[in-house]
Amino acid sequence: GVDKSTVSRVTKALEADVEALRQAPLTDDVVYLYLDATYLRARWAREVEQTAALVAYGVGADGHRRMLGIAVDVAESEASWSSFLESLVARGLRGVQLIVADEHAGIVGATRKLFPEVRRQRCTVHLMRNVLAKAPTRLHRRLGRELSRIFAATSAAEVKRRAATLRQGLGKQ
């Protein structure tokens with residue numbers, strides 16, 4: 001049991017931290033940019049609604065990961081992603097060589113518009129979830145294990161060999 005005043009006090013403290021993060025200049029190159037959204041319930045105008053929390057993480061040349069920003073919007077649209085990414089660029093986002101994200105149309109459209117020269121890669125977690133959603137439940141454990149082995153391969157040739165082995169092992173399944 002937490003009372004309303006405690007929730008309000010904690011929320012105010014967190015709001016200050018989040019706002020500091022949202023305003024902090026980005027001074028180092030970000031080599032890898034990870035984008036994702038999560039949905040959460042939030043109170044807007046006295047109504048509780050599902051909202052999209054857009055999140056960006058970056059990995060610098062030093063190999064360290066850090067949160068770059070977060071934005072809350074009513075939907076995960078191209079306009080919301082564009083606005084969020086534009087705010088990161090305005091804060092100094094530069095040096096991006098690879099964007100890792102799911103294939104959500106909003107992310108794809110916004111990244112093509114703002115980072116047309118940067119390569120994109122499908123997030124392996126989202127890819128695995130999509131594959132497992134299409135597979136029978138009885139194959140989930142095996143497919144998850146085999147897909148993880150494929151993702152862990154150290155060369156393109158090894159990826160192809162492991163994928164071929166998986167295909168052969170599944171047969172008509």
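Just so it is clear, the values below take in all heavy atoms, side chains as well, and ignore hydrogens, waters and symmetry mates.
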In the structure I gave you, are the side-chain heavy atoms of [X] and [Y] within less than 4.5 Å of one another anywhere?
| X | Y | result |
| --- | --- | --- |
| Leu26 | Leu68 | yes |
| Ile70 | Leu54 | no |
| Val89 | Glu86 | no |
| Thr111 | Leu85 | yes |
| Asp73 | Thr51 | no |

- What's the verdict on salt bridge (Lys or Arg N to Asp or Glu O under 4.0 Å) for Arg142 and Glu146, showing C-alpha distance, side-chain angles and the deciding distance? CA-CA 6 Å; Arg142 178 178 171 206; Glu146 294 299 322; 5.4 Å; no

- Without hydrogens or angle criteria, can the side chains of Ser80 and Ser77 be said to hold a donor-acceptor pair below 3.5 Å?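 There is such a pair between these side chains.
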
- Message: Heavy-atom count check: over 12 atoms from other residues, nucleotides or ligands less than 6.0 Å from Tyr32 OH?
- Response: no

- Task: For Lys160, look at atom NZ and say whether over 12 heavy atoms of other residues, nucleotides or ligands are found less than 6.0 Å away.
- Result: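 Check fails, neighbour count at 12 or below.
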
- Message: Which residues end up grouped with Val48 if you chain together Ile, Leu, Val, Met, Phe, Trp and Tyr wherever their side-chain heavy atoms are less than 4.5 Å apart?
- Response: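 In the cluster with Val48 there is nothing else; it is isolated.
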
- Enumerate the residue pairs fulfilling ring pair (Phe, Tyr, Trp, His ring centres under 6.0 Å) with a member in residues 122-173, sequence neighbours excluded, ordered by first and then second residue. none

- Query: Would you call Arg120 and Glu103 a salt bridge, taking side-chain N to carboxylate O under 4.0 Å as the test?
  - Reply: yes

